[in-house]
Amino acid sequence: TGFTTVTILVNNSAPQHVIGTVNGFSQMAASFTSMIAPSLCGTLFSWSLKNSLSFPLDYHFVFEFLSVASLSLGVIALLLPESSGRRYVEGEEERRKEGV
């Protein structure tokens with residue numbers, strides 16, 4: 001559901017004539033994070049198992065890391081302007097300033 005939400009927001013934020021380029025870049029970024037995330041989390045998990053540290057840094061560490069990342073992204077999503085939910089229309093901002 002998160003990927004779908006981001007795709008809709010990206011599509012809403014781009015003018016029609018560049019929507020293909022924006023979608024391509026969005027897919028590239030999603031593929032890159034899908035490539036990096038397992039390596040990063042696997043490394044963090046093995047580090048937390050290898051070091052015998054107490055609670056915040058024990059084997060729960062990778063789950064705590066992902067929880068903080070998810071909560072941070074949730075807060076950022078709440079801070080998005082209301083206009084991000086509407087489709088981008090070229091010239092809309094100028095018409096709104098002119099009072100049309």
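In this structure, V10 is not a member of the same hydrophobic cluster as F25, with clusters built from ILVMFWY side-chain heavy atoms closer than 4.5 Å. Note: the hydrophobic cluster containing L78 does not contain L73 (ILVMFWY, side chain heavy atoms under 4.5 Å, direct or indirect links). Note on I19: it does not cluster hydrophobically with I8, by side-chain heavy-atom contacts below 4.5 Å among ILVMFWY residues.
Taking Ile, Leu, Val, Met, Phe, Trp and Tyr as members and joining any whose side-chain heavy atoms lie under 4.5 Å apart, directly or through other members, the hydrophobic cluster of V75 also contains L79.
One distance of note links CG of N23 with CE of M28; it measures 12.5 Å at 0.5 Å rounding. Atom OG in S31 sits 11.5 Å away from atom CD1 in I36 (nearest 0.5 Å). Once rounded to the nearest 0.5 Å, the distance linking OG1 of T33 with CG of L40 reads 11.5 Å.
Proximity of a side-chain donor or acceptor of S26 to a complementary backbone N or O of V22 within less than 3.5 Å is not detected. S48 contributes a side-chain N or O that, together with a main-chain N or O of F45, makes up a donor-acceptor pair within less than 3.5 Å.
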